[in-house]
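A short worksheet on the structure shown next.
Everything numeric in this text was worked out from a predicted model, so none of it was measured. Every chain is numbered from 1 and lettered A, B, ... according to where its sequence line falls, protein lines coming before strand lines.
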Amino acid sequence: MLQSIIDRRLSGKNKSIGNRERFLRRVKEQVKEAVRRAVDGRSIKDIERGEEVRIPKKDLSEPVFHHGEGGVREVVRPGNKEFVKGDRSPKPKPQGGGGGGGQASDQGEGEDDFVFQLSREEFMDIFFEDLALPHLVRTELAEQPEWKTQRAGFVSDGSPTNLHVVRSLRGALSRRIALGLSKRRDLGELEAELENAAEPRRSAILAEIAEIKRRLAAIPYLDPIDLRFRNRIRVPVPSTNAVMFCLMDVSGSMDEARKDLAKRFFILLYLFLSKHYEKVELVFIRHHTQAAEVDEQNFFHATETGGTVVSSALVLMNEIQQARYPASSWNIYGAQASDGDNWHHDSSRCRELLETRLLPVCRYFAYVQVAEPEQNLWEEYRQIADTYAHFAMKKATAVNEIYPVFRELFKKEGRLAA
Amino acid sequence: MQLDLPLQLPSENRRHTSVGPDRHEWGGRRAPPPLQEMRPLGQRPAAPLPSPSDWSFELIEQYHEVIRATAERYGLDTYPNQLEIITSEQMMDAYASVGMPVHYRHWSYGKEFIQTQQHYKRGQMGLAYEIVINSSPCIAYLMEENTLAMQALVIAHAAYGHNSFFKGNYLFRMWTDASSIVDYLVYARDYIAKCERAHGLDAVEALLDSCHALMNHGVDRYRRPAKLSLEKERARQEEREAYLQRQLNELWRTLPRKAEDEIEAEKRRFPAEPQENLLYFIEKHAPLLEPWQREIVRIVRKIAQYFYPQRQTQVMNEGWATFWHHRLLNQMYDDGYLADGLMMEWLASHTNVIAQRPMQALNPYALGFAMYTDIKRICEAPTEEDRRWFPGLAGTAWLPALQHAMRNFKDESFIGQYLSPKVMRDFRLFSIVDDASEDEYEISAIHDEEGYRHVRNALSANYDLGSREPNIQVWNVNLRGDRSLLLRHTQHQDRPLGDSAQEVLRHVARLWGFGVHLESVNGAEQVTQRWSVAAPPA
């Protein structure tokens, strides 16, 4: 008889990948829907995560022939303590009508849903598919940056290899001193009293001294709260900074769908930058006739509206950049989304601002127009685009038209920064 | 050299008039004659085997050697063993592909994998600590997270318990060929992958979905299929395609004529007798399937056939393996090989495995273990009741009696033959009649003198595949009319078909290519329900 033991642990991991892929393919629609909803709900910085997908059971059913309810069945069960032959026992009432009324909502994990987690890679894959990114770029955006570890002080919890002995003992010493302070003082007083004490008092004092000494000895030498561990944090390797200015027109002509398009536009640029820069800061500027710097929540969801003066946003961008992000230490990127409808006198001023103030300090400026008609703003920008290589503009009415705006950027900057 | 003469295998329908072995059981070529009693130990070991809680390869080999020697002393006949160490993720992979090391890809396995993974992560389910494949060599998977005691348990349970069952039980000997199954699965996986590349993922997925829906009804129950082998399959495939095409042309040659008499049509029924193996019928006679589709139907059918015995022997198989892990490890302890700590650990796991909650469905491990243990007891120390109930068994040698029980029965007949009053009392079994037309359950028998036989018959019927699965057969094909297929469901005790029937019928129509009808017939030969699906668009 041949005895053999084979170690298969290192081979054939993820043999079920093929099955999982087929499963995802089959439920593609629901998965896409879940991804779309997730993108709407998440903040730009938070985009790279897995996501939960919910699929109604009926879409995944695998039917077989089986017996239904009815007819006569005889089953055998164990554990009979009370019945004899011929006994009758009422059947449970059927769960019809309002039986489960309390749970009648479309949230929550009902019997009818199959829920599973999309991994981060799968989520990003589906997201990119929508945007019609070429594959090379997808891998570039999807890959993880390199990390290096760096010391960052001390922390109270960690792995034993990181234990810093001297600091822990220092902490322990302080704790012992603090806990014993009042007792030691009492001890000192009692010992002083002992010198001069007479007999009955003397034994009482000795007893007390013994007690205090016992309690002092019971203070632990080392306690878990004393321990200090070296803290190591991971930082991504590329060591430069970038700031991304997001400019969006929120005048009356920008509706939800267009804002959604704009959001994807910003996300794409952010993803790219976060791969190549250690720190990427976001500045959100929204404008109608006036511009204001806001946080992300307000940027996408606040409800003020009005006319359109694009130059207000550019002016504000310039001011912020001068004040907080000197070009010598920051890489500056600009992304603007608008529907192209501008107050007619203003467009030439926009061009002038861009040419003289902004483009000289920006690494890249991308403009996307989320509506079809070409108006005066488009014309003005067209002139800039012809002269400056790091200015790109595009009309995008659907999600998969956004990428070409960045094509130059990804091609060029990808090589430079990598 | 092996002669391929037909063997006198015990047939499905043979009535067992005695429960002891008779001299026809042990053909010289098939199995060695059973031991009458276990062989003694050669020499006691100086000290028990080392038992740290972490295993190592050397330790596993040592334990395996002792288990093997002990199993041999009991006369357990097994295929050669191949143990494989795997991670828990690979165990989940194995679950998802029905335990087989190789399998074709399908989305339903992806869904299963996800479900298993979620349950495992949430701690709702412990992974089986063993999976074992009915093949030669017999592959048993050991999870790397197991402790040494658990690995010893798994080896005794799977590599010797299940292994000897696969090799000995008549259903497995009749329907599966352990030495060729892995080869066949490799062939199946490659063929299906090739079809996916040639015809697209969607077409193959649709076909596999339909075949899976009919998998339970795609097995032969009364004929032995031909031996499978990788080279032969590949070589004969083209030959088969050409031949089938010729047959089909013959069958469908007749153009539809004007409507004939009812009687005429009735007389010339095709098929002449009802066919129970739906996939087989579709493979041979569906007019619109391409050759590659036919081959895939055949693959699904063959794999269903391979798993067919396992559905019918769950209690016996698990009971046998549980009994033998218990016996072997206890024997090793008595012989001085096992330390106390190790014993406590596997005994705790064993107790969990055979736990039975009252009023819940019977745990096959519990029932099987109890029955085999009881057979041993009846042989060694029979009471008056045992002599009355099992005259051929009481007082005989237990080892050959157990082997006989394992080899010649399936769950239904095993319970029908061997379930003793003592086991019924231990479990406090009782039978309940659930009549849909009444609004109360009726207790038809309990574990007392007048109820034993009734309970035994009822429990045995519970494991009868005929009552567990609906009886659906091909009744007629409308050759001269709209080419539709008529299936007939014969109700068992007036139990109707479940709601899924319409859905499954759509799958049948997709395979058949024309309309499909299903009638459900009750005990009085009346058609109580009818489903129809129109021909799918071309």
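Side-chain contact between Ile85(B) and Ile5(A): present, with at least one pair of heavy atoms (C-beta onward) separated by less than 4.5 Å. In this structure, Leu362(B) and Pro78(A) have side chains that are in contact, with non-hydrogen atoms separated by less than 4.5 Å. Contact check for Leu505(B) versus Phe65(A): side-chain heavy atoms found under the 4.5 Å cut-off. Under the 4.5 Å side-chain criterion, counting only non-hydrogen atoms from C-beta, Phe57(B) is in contact with Asp7(A).
Judged by distance alone, with hydrogens and angles left aside, the side-chain atoms of Ser89(A) form no donor-acceptor pair with the main-chain N or O of Tyr441(B) at under 3.5 Å. Listed for the Arg428(B) side chain is a donor-acceptor partner under 3.5 Å among the backbone atoms of Asn80(A). Under the 3.5 Å distance criterion, the side-chain polar atoms of Asp435(B) are left unmatched by any main-chain donor or acceptor of Arg73(A). Panel note: side chain Asn462(B), backbone Glu74(A); a donor-acceptor pair is recorded below 3.5 Å.
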Query - Worked verdict on Phe83(A) versus Ile432(B) for side-chain contact (heavy atoms from CB on, under 4.5 Å) - result: CA-CA 10 Å; Phe83(A) 298 117; Ile432(B) 309 170; over 6 Å; no

Report task. Given salt bridge (Lys or Arg N to Asp or Glu O under 4.0 Å), test Glu196(B) with Arg22(A) step by step and report yes or no. Result -> CA-CA 12 Å; Glu196(B) 283 176 343; Arg22(A) 277 169 180 68; 2.5 Å; yes

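In terms of non-hydrogen atom pairs under 4.5 Å with chain B, the most contact-rich of Gly86(A), Gly68(A), Pro90(A) is Gly68(A). With respect to chain A, the highest number of heavy-atom pairs below 4.5 Å among Pro470(B), Pro358(B), Ala436(B) belongs to Pro470(B). Heavy-atom pairs under 4.5 Å with chain A peak, among His454(B), Arg357(B), Gln493(B), at Gln493(B). Comparing Lys85(A), Lys81(A), Glu62(A), His66(A) by heavy-atom pairs within less than 4.5 Å of chain B, the highest count is held by His66(A). Options Asp209(B), Asp499(B), Val504(B) differ in how many heavy-atom pairs under 4.5 Å they form with chain A, and the most are formed by Val504(B).
For residues 438-448 of chain B, the pairs satisfying salt bridge (charged side-chain N to carboxylate O under 4.0 Å, His left out) are Arg88(A)-Glu438(B), Arg88(A)-Glu440(B), Arg88(A)-Glu442(B), with sequence neighbours left out.
For a residue to count as touching a neighbouring chain, one of its non-hydrogen atoms must lie under 4.5 Å from one of that chain's; by this rule Glu69(A) touches chain B with the backbone only.
Taking Asn216(B) as the reference, nothing meets the side-chain hydrogen bond (donor to acceptor under 3.5 Å, both in side chains) condition, with sequence neighbours excluded.
His67(A) and His492(B) have tilted rings, their planes meeting at an angle from 30° to 60° on a 0 to 90° scale.
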